Amino acid sequence: ALLAGMGVDAAAAAWSELFVDESDPRRDVYLQVPGIDFGSARVGGGVLGELRPLVVVNNTNQRMLATVMVPPDRYVEQPPGAGEIKDSPLGPVLTPLETCFKVFPDTLDIPPRGSGTFKAAFRPTYGGGAYYAQALEIYVFPKIQRNFRLVAGATAASEEGGAEKLPPLIPPYCLRPVLTGNTFPPGMEAFTPKLRVPTTRLNFPACCPGDCTYLVVEMYNDADTPMRFQLEHDETGVFRTQPDNGLVPPGCAQLVAFRFRPTAPGRFQRELSCVLNDAA
């Protein structure tokens, strides 16, 4: 309904932006890898786990500042006061939430045409076998915007006594790498998936080579346990999915968008496999 009210051109632009990968080098700021799969990990013991690199690349000519936010997950019991804003000598400070995915440091300074590296780790706390999946939010903005006094829509007085415009305030870039992992020991049987979809065959409307058409499918988890999914990639690039992996809570649904972009006139057909709970 929202896209219908935006007009054809705006809707096409929104669809196109949805399918621009977080790791697409054409972006001003992008990730070297769109996500990290930690695989199976041991629970507890105070062990942080293996640190994996999460590299943010700056394609602009400005120095950037990247700040990472890790949303809390349902497996971690939050201590009193977590998530609250408290006063400090330097001003209001947000008390961090406990999470199973840890990222260091909180902020990165990225030089122009350079890159910076966050370190991510997986430290699960739930004792039973479980799947974990979390999309981080990495906000990247020009470092000159770290202080509101350095940017403004108004003007500042110049040395000649005239008016000098300050750089405009631009919204930050947002990157959302997906971190996944599980706590199933070797040999332990995973949850039995119960996937329900309205159809397993998609017929895209015809379009010209280079143009795109889109369809959306609702993947519903009928089980009383979480369902992890991983859709196969089409190496030709004619068919794409977004998102191509994730975790669907019990009794919930996930919308998956499919894109058809032919490279030449003709009829295209492709069978894409969907892996559920690490079992085809």
Side-chain angles (χ1 to χ4, degrees), residues 1-24 26-27 30-31 33-35 37 71 73-74 131-138 173-180 191 193-280:
L2 175 62
L3 293 178
M6 293 169 58
V8 176
D9 293 339
W15 276 114
S16 179
E17 184 178 356
L18 175 65
F19 278 86
V20 175
D21 288 338
E22 304 284 344
S23 56
D24 193 326
R26 295 174 297 175
R27 298 176 62 126
Y30 68 93
L31 298 166
V33 292
D37 183 8
D73 56 68
R74 64 180 62 191
Y131 287 108
Y132 295 77
Q134 191 63 269
L136 310 185
E137 294 179 351
I138 301 178
Y173 302 93
C174 183
L175 303 173
R176 303 185 76 245
V178 177
L179 307 185
T180 57
F191 301 136
K194 292 183 179 180
L195 170 66
R196 174 163 53 91
V197 293
T199 180
T200 57
R201 185 179 182 87
L202 301 179
N203 294 312
F204 288 88
C207 66
C208 297
D211 290 343
C212 301
T213 56
Y214 305 91
L215 292 174
V216 177
V217 173
E218 182 182 57
M219 299 176 60
Y220 194 84
N221 180 12
D222 274 331
D224 57 359
T225 54
M227 179 183 69
R228 183 182 176 190
F229 71 94
Q230 175 72 58
L231 286 161
E232 181 185 2
H233 289 273
D234 179 16
E235 296 178 356
T236 65
V238 174
F239 297 98
R240 285 275 315 278
T241 59
Q242 182 66 24
D244 60 3
N245 72 92
L247 188 69
V248 186
C252 296
Q254 169 71 55
L255 294 179
V256 178
F258 290 79
R259 187 190 73 180
F260 170 54
R261 185 179 184 181
T263 55
R267 181 178 179 84
F268 297 83
Q269 183 172 336
R270 181 77 163 85
E271 184 175 315
L272 299 179
S273 300
C274 181
V275 177
L276 301 176
N277 292 351
D278 296 326

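These numbers come from a predicted model, not from an experiment. Numbers for residues simply follow the sequence, beginning at 1.
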### Message
A side-chain contact here means heavy atoms from C-beta on lying under 4.5 Å apart; do Ile138 and Pro177 qualify?
### Response
yes

### Task
Using the side-chain contact (heavy atoms from CB on, under 4.5 Å) rule, take Asn245 and Asp37 through it: C-alpha gap first, then chi angles, then the decisive distance, then the call.
CA-CA 11 Å; Asn245 72 92; Asp37 183 8; over 6 Å; no

### Message
Could you report the tightest heavy-atom contact between Cys174 and Arg27, atom names first, then the distance?
### Response
O-NH2, 3.9 Å

### Message
More than 12 heavy atoms of other residues, nucleotides or ligands under 6.0 Å from CZ of Arg259: yes or no?
### Response
yes

### Task
Answer with yes or no whether the side chains of Arg228 and Thr180 bring together a donor and an acceptor at under 3.5 Å.
yes

### Query
Does Pro71 offer a backbone N or O that forms a donor-acceptor pair with the side chain of Gln134 under 3.5 Å?
yes

### Message
Minimum heavy-atom separation for Glu271 and Glu232, please, with both atom names.
### Response
O-OE1, 3.8 Å

### Task
Mind checking salt bridge (Lys or Arg N to Asp or Glu O under 4.0 Å) for Arg267 and listing every partner two or more places apart, or none if nothing turns up?
none

### Query
Does some side-chain heavy atom of Arg176 sit less than 4.5 Å from a side-chain heavy atom of Glu22?
yes

### Summary
When rounded to the nearest 0.5 Å, the distance separating CG of Leu195 from CG of Leu276 is 5.5 Å

Distance-only donor-acceptor pairs under 3.5 Å for side chains of residues 198-222, two or more places apart:
unit_1, atom_1, unit_2, atom_2, d
Thr199, OG1, Arg201, N, 3.1
Thr199, OG1, Arg201, O, 3.1
Tyr220, OH, Gly251, O, 2.9
Asn221, OD1, Ala223, N, 3.0
Asn221, ND2, Thr225, O, 2.9
Asn221, ND2, Val248, O, 3.1
Asn221, ND2, Pro249, O, 3.3
Asp222, OD1, Arg196, NE, 3.4
Asp222, OD1, Arg196, NH2, 3.3
Asp222, OD2, Arg196, NE, 2.8

#### Entry: Smallest separation among heavy atoms of Ser23 and Tyr30, with atom names
O-CD1, 3.9 Å

### Message
If you compare all heavy atoms of Asp234 against all heavy atoms of Arg270, which two are closest, and at what distance to 0.1 Å?
### Response
OD1-NE, 3.1 Å

### Message
Can you list everything that forms a side chain to side chain contact (heavy atoms under 4.5 Å, CB included) with Gln242? Sequence neighbours excluded, please.
### Response
Leu18, Phe19, Arg240

### Query
For Leu247 and Phe229, which heavy atoms make the closest approach, and how far apart are they?
N-CE2, 4.1 Å

